[in-house]
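What follows is a set of notes on a single structure, which appears directly below.
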Amino acid sequence: MGAAEEFSALYGEHHTAVLRYVYRRAGADSADDLAAEVFVVAWRRWSQLPAEPLPWLYEVARKVVANHVRGRERSEQLAVRWETEGILPVRDIAEHVAARDSVHAAWTRLGERDREVLALIAWEGLGVRQAAQVLGCSPATFSVQLFRARRRLRAALADSAPFDADPVNPIAMEVGRASG
């Protein structure tokens with residue numbers, strides 16, 4: 001008798017017992033699939049099967065059920081999280097590319113000083129005093145430069161294609177703060 005016939009005999013002899021085992025632990029919805037998974041493991045590990053296979057099959061079934069329960073719990077937790085946090089709408093990639101291109105075009109139209117002033121605040125995360133120190137000017141002078149740079153960036157963005165503030169874009173965030 002070959003391995004396929006021996007496996008068929010094992011399946012015929014123990015399938016009902018394994019099915020009942022997983023049914024009692026995981027419920028009717030999953031029992032058939034989980035029992036099938038147990039026998040897939042048995043087929044893959046055919047050479048490791050002991051002479052008395054039922055306890056070994058129960059051990060495999062216990063692990064399969066445990067994995068299933070963990071997965072179901074993760075799914076339930078995720079569902080609760082989605083309900084409480086809500087699902088954020090995903091932007092169309094074309095909109096993202098268009099917004100990025102608009103920002104890039106507006107950015108390149110700015111002067112070097114305006115780009116540096118905005119970058120120190122938006123990208124480097126510096127405060128007005130720290131940024132003023134980097135540029136070697138007073139905080140009051142830097143604040144005026146920042147105001148003007150933001151205004152010029154807003155104007156450059158208005159000249160570009162329509163642009164909605166992108167929360168992951170630090171330039172857009174700075175522009176949004178300045179206009180709000």
Side-chain angles (χ1 to χ4, degrees), residues 22 25-34 36-38 40-41 44-45 59-180:
V22 296
R25 286 155 181 81
D29 293 343
S30 308
D32 287 329
D33 291 338
L34 296 176
E37 193 173 335
V38 169
V40 167
V41 171
R44 287 184 184 150
R45 297 184 183 167
E59 178 184 356
V60 171
R62 183 180 56 79
K63 292 175 183 175
V64 166
V65 168
N67 285 339
H68 172 73
V69 168
R70 277 193 300 275
R72 187 173 52 201
E73 287 171 355
R74 282 192 303 267
S75 294
E76 290 169 0
Q77 290 170 354
L78 184 58
V80 167
R81 190 169 137 204
W82 280 352
E83 288 175 15
T84 58
E85 294 177 10
I87 299 173
L88 299 175
V90 177
R91 288 181 68 177
D92 181 15
I93 189 68
E95 291 176 14
H96 180 70
V97 170
R100 186 190 65 211
D101 289 347
S102 295
V103 170
H104 183 264
W107 185 258
T108 58
R109 286 196 296 269
L110 293 177
E112 185 177 330
R113 183 68 171 205
D114 285 345
R115 288 194 304 262
E116 183 64 18
V117 166
L118 291 168
L120 287 172
I121 297 295
W123 290 341
E124 308 306 332
L126 298 179
V128 170
R129 287 178 197 224
Q130 296 166 322
Q133 184 179 357
V134 170
L135 294 182
C137 63
S138 71
T141 301
F142 182 84
S143 293
V144 170
Q145 291 176 359
L146 179 61
F147 173 80
R148 291 178 180 163
R150 286 175 173 165
R151 186 176 59 199
R152 285 191 279 271
L153 179 59
R154 276 194 306 274
L157 285 169
D159 291 342
S160 299
F163 172 78
D164 293 328
D166 183 350
V168 294
N169 185 323
I171 298 170
M173 287 173 37
E174 275 309 307
V175 172
R177 272 191 235 141
S179 62

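- Interatomic distance, CG of Asp114 versus CG of Leu146, reported as 9.5 Å (0.5 Å rounding).
- Atom-to-atom distance recorded for Arg70:CZ and Ser75:OG is 13.0 Å, nearest 0.5 angstrom.
- With a 4.5 Å cut-off on side-chain heavy atoms, Leu153 and Leu118 count as touching.
- The two atoms that bring Arg113 and Cys137 nearest to each other are NH2-SG, 4.4 Å, heavy atoms only.
- Residue Arg62 holds its CZ atom at 10.0 Å from CZ of Arg25, rounded to the nearest 0.5 Å.
- The shortest non-hydrogen separation linking Pro139 to Arg129 is CG-CG, 4.0 Å.
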Apply side chain to side chain contact (heavy atoms under 4.5 Å, CB included) to residues Leu135 and Gln145 and explain how you reach the verdict.
CA-CA 11 Å; Leu135 294 182; Gln145 291 176 359; 4.1 Å; yes
Yes or no on side chain to side chain contact (heavy atoms under 4.5 Å, CB included) for Phe142 and Ile121, after CA distance, side-chain angles and deciding distance?
CA-CA 11 Å; Phe142 182 84; Ile121 297 295; 3.7 Å; yes
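- For the residue pair Ala31 and Val22, the shortest heavy atom distance occurs at O-CG2, 3.4 Å.
- If you take CZ on Arg115 and CH2 on Trp123, they are separated by 9.0 Å, rounding to the nearest 0.5 Å.
- Note: Leu34 CG to His68 NE2 = 5.0 Å, rounded to the nearest 0.5 Å.
- Atom CD of Glu124 and atom CD of Gln130 lie 11.0 Å apart (nearest 0.5 Å).
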Decide side chain to side chain contact (heavy atoms under 4.5 Å, CB included) for Arg72 and Asp29; before the verdict, give the C-alpha distance in whole Å, the side-chain angles of both, and the deciding distance to 0.1 Å.
CA-CA 12 Å; Arg72 187 173 52 201; Asp29 293 343; over 6 Å; no
Derivation of the side chain to side chain contact (heavy atoms under 4.5 Å, CB included) call for Val41 and Lys63:
CA-CA 11 Å; Val41 171; Lys63 292 175 183 175; over 6 Å; no
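- Between Leu157 and Ser102, the shortest heavy-atom contact is CD2-O, 3.9 Å.
- For the side chain to side chain donor-acceptor pair (under 3.5 Å) test, no residue two or more places apart in sequence or in another chain qualifies with Arg151.
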